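A short write-up of the structure that comes next.
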There are 2 protein chains.
Amino acid sequence: MAGEDPVREQLEALGEFIRSQRKQAQLSLRDLAERANVSNPYLSQIERGLHEPSVRVLKAIAGGLNLSVETLLGRAGLLGSPTDPDEGPTATEHAILADPYLGDDQRASLLAVYRSYVDRVRQPRPAEDEPAP
Amino acid sequence: MAGEDPVREQLEALGEFIRSQRKQAQLSLRDLAERANVSNPYLSQIERGLHEPSVRVLKAIAGGLNLSVETLLGRAGLLGSPTDPDEGPTATEHAILADPYLGDDQRASLLAVYRSYVDRVRQPRPAEDEPAP
DNA sequence: CCTCTTCGCTAAGTAAACCTAGCGATCGCT
DNA sequence: AGCGATCGCTAGGTTTACTTAGCGAAGAGG
């Protein structure tokens with residue numbers, strides 16, 4: 001009975017993603033917090049998955065990281081509609097294929113790199129339970 | 001200009017949209033509330049723009065209306081980052097950033113490869129650096 | 001050694017999201 | 001006329017998001 005807590009895992013994944021993006025941009029916790037107009041302790045708690053941030057905060061964090069809101073929301077498990085079962089594992093592949101800024105050689109090698117990363121090492125996603133519509 | 005309150009207008013627009021969708025589906029307040037696992041008074045307040053619903057509630061309401069969350073957020077004007085009006089190569093970047101099958105270092109290096117291809121000039125502020133894997 | 005700064009985190013409080021209980025109005029039915 | 005069911009909303013309390021104040025560790029100089 002005392003089973004898993006998928007929402008907590010989702011929160012932790014979101015937090016780790018934010019933290020990795022922040023470090024990649026070489027920002028301190030206080031720095032990003034100031035950019036996003038949130039307090040640094042709260043941002044710390046978000047990054048450790050202790051709280052579920054609101055849409056407003058999520059948007060502000062995305063702005064502070066120069067990311068789109070869709071990216072963060074998707075990472076937060078928000079995207080993915082009940083009537084649109086586009087669960088294709090290759091949304092990235094489609095984006096690469098449709099990207100008009102890539103030359104054909106570049107497109108091919110980028111696709112090759114991506115496939116070498118994900119090809120057979122399909123990381124097990126946290127259990128996503130769908131109540132059948 | 002100082003008199004406007006854009007956040008409240010957004011909330012009201014979102015609420016009116018939810019209400020119109022609910023009536024179009026011929027659902028009562030209590031009905032949709034039960035589908036979305038929220039209380040009916042709270043749903044009433046959301047529809048009148050008195051509260052900003054959390055991500056969890058937003059997702060549940062979208063599910064109860066058989067809508068995608070993007071539709072709800074887009075209608076509310078919550079999508080579209082203020083710092084990222086770019087429509088071009090960001091689509092691929094977003095896909096890479098949101099890809100759940102990539103590890104963080106894989107994500108970073110794939111992103112670096114892509115950016116080197118499109119020779120993207122990033123904003124002057126954040127230092128963008130890729131630690132070599 | 002000591003001081004100054006910056007890092008991330010904890011503790012305790014305030015503000016807001018969210019729920020349960022219940023009210024007045026409107027409908028159909030006998 | 002009533003009674004009962006259902007509509008949306010208000011009033012109050014509980015839970016959670018979010019803030020301000022401050023602690024201890026780690027590095028840079030004196």
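Note that the coordinates shown come from a computational prediction; the quantities given were computed from them, not determined experimentally. Only this structure's heavy atoms are used, side chains among them; waters, hydrogens and symmetry mates stay out. Lettering of chains follows the sequences in order, A, B, ..., and the numbering in each one begins at 1.
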| task | Have a look at B:N37 and say if it touches a base, only the backbone sugar-phosphate, or nothing, with a 4.0 Å heavy-atom cut-off. | result | sugar-phosphate
| request: Please report, rounded to the nearest Å, how far the C1' atom of C:dT6 is from the CG atom of A:D31. | output: 11 Å
| said: Are B:V38 and B:L32 packed together at the side-chain level, in the sense that at least one heavy-atom pair is separated by less than 4.5 angstrom? | reply: no
| Phosphate oxygens OP1/OP2 of D:dC9: is one of them under 4.0 Å from a side-chain N or O of B:S44? | yes
| Taking every non-hydrogen atom, the tightest pair across A:L72 and A:L14 | O-CD1, 3.9 Å
| request: Return the 5'-most residue of the pair B:N40, B:L43 with respect to DNA chain C, ranking by each residue's nearest nucleotide. | output: B:L43
| remark: Rounded to whole Å, CG of B:L27 lies from P of D:dT6 at a distance of 15 Å
| Are any of the side-chain heavy atoms of A:R35 and A:L27 separated by less than 4.5 Å? | yes
| query | Can you check the B:L29 CG to C:dG22 P distance for me, whole Å? | reply | 20 Å
| field | Contact summary for A:P53 and A:L11, nearest pair of heavy atoms | value | CD-CD2, 4.5 Å
| Can you tell me how far C1' of C:dG8 sits from CD1 of A:I46, to the nearest Å? | 15 Å
Contacts under 3.5 Å, N or O only, protein and nucleotides 13-17 of chain D:
from	atom 1	to	atom 2	distance (Å)
D:dA17	OP2	A:H51	ND1	3.0

| request: Ignoring backbone atoms, test whether B:S39 places a side-chain nitrogen or oxygen under 4.0 Å from the OP1 or OP2 oxygen of C:dC18. | output: no
| request: Look at B:R22 together with B:E47 and state whether they make a salt bridge at an N to O cut-off of under 4.0 Å. | output: yes
| task | Could you check how far CD of B:E47 sits from C1' of D:dC7, rounded to whole Å? | result | 13 Å
| Quick one: do the B:T92 and A:Y101 side chains pair a donor with an acceptor below 3.5 Å? | no
| Worked verdict on B:E93 versus B:R115 for salt bridge (Lys or Arg N to Asp or Glu O under 4.0 Å) | CA-CA 9 Å; B:E93 287 186 346; B:R115 282 171 177 162; 3.1 Å; yes
| task | May I have the distance from B:Q45 (atom CD) to C:dC18 (atom P), rounded to whole angstrom? | result | 11 Å
| request: Go through D:dG8, D:dT10, C:dG8 for me and flag the one nearest to the A:R22 side chain. | output: C:dG8
| task | Using whole Å, report how far CD of B:Q26 lies from P of D:dG8. | result | 13 Å
| So does A:R30 get a side-chain nitrogen or oxygen closer than 4.0 Å to the phosphate oxygens (OP1/OP2) of C:dT5? | no
| request: Quickly work out the B:E34 CD to C:dC19 C1' distance and round it to whole Å. | output: 15 Å
